[in-house]
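Worksheet: the structure to be examined is printed underneath.
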Amino acid sequence: MPKLLAIDFGEKRTGLAETDDMQIIASGLEGIMTQDLLPYLEKYLSTNNVDKIIIGLPIRLNGELSEIENSIQKYITKINHQFPTIPIERVDERFTSKIAANAISQSRKNKRKRENKHLLDKVSATLILQTYLEKK
């Protein structure tokens, strides 16, 4: 069975997570600079069988989309153009960064690791993917 790949898109940094081959467990994959996202996806998708890409949908508490949605839509267009056979689904990502930050702060990692923003992005992507799996 192919994997699912999740993206927590940010203007500067992007978090990535993947499922196991059975699509049961979501695991953090990587935190990368957003400018490196397409080359990363090219390499990752050439070596992994991916069924679907899950991208966070940034909805504010009042139900409106966040300003970053415009940037996400541009990247979705690029991803669709470069990888037309892989469908993309969106998942509400409200609170994922706060939940991720809380989980990291409660972990036993040292202060330097807790403050690593790439770790936060990776954990956020994992939460987006876990949300998708639970709804599925």
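The basis for the numbers below is simple: all heavy atoms, side chains too, and nothing from hydrogens, waters or symmetry mates.
Residues forming a side chain to side chain donor-acceptor pair (under 3.5 Å) with Gln82 (at least two apart in sequence, or on another chain): Glu42. The side chain to side chain contact (heavy atoms under 4.5 Å, CB included) check on Thr126 picks up Ala17, Ala26, with sequence neighbours excluded.
Judged as a ring-ring contact (aromatic ring centres under 6.0 Å, His included), the pairs with a partner in residues 47-82 (not counting sequence neighbours) are, in order, Phe9-Tyr75.
Across Asp121 and Thr14, no two heavy atoms sit closer than the pair CB-C, 4.0 Å. Of all non-hydrogen atoms in Val50 and Pro2, the two that sit nearest each other are C-CB, 4.0 Å. Minimum interatomic distance between Glu18 and Leu129 (heavy atoms only, all atoms of both residues): C-CD2, 3.4 Å. Summarising the geometry of Leu133 relative to Gln23, their closest heavy-atom pair is CD2-O, 3.4 Å, with the distance given to 0.1 Å. Contact record, Ala6 with Ala125: CB-O, 3.6 Å, taken as the closest heavy-atom pair. In terms of heavy-atom proximity, Ile128 sits nearest to Val91 at O-CG1, 3.9 Å.
Glu69 pairs in a side-chain contact (heavy atoms from CB on, under 4.5 Å) with only one of the listed residues (Glu64, Arg90, Lys74), which is Arg90.
Looking at Asp20, its side chain does come within 3.5 Å of a backbone N or O of Ile24 through a donor-acceptor pair.
Glu30 and Lys122 are not joined by a salt bridge, as no carboxylate oxygen comes within less than 4.0 angstrom of a charged side-chain nitrogen.
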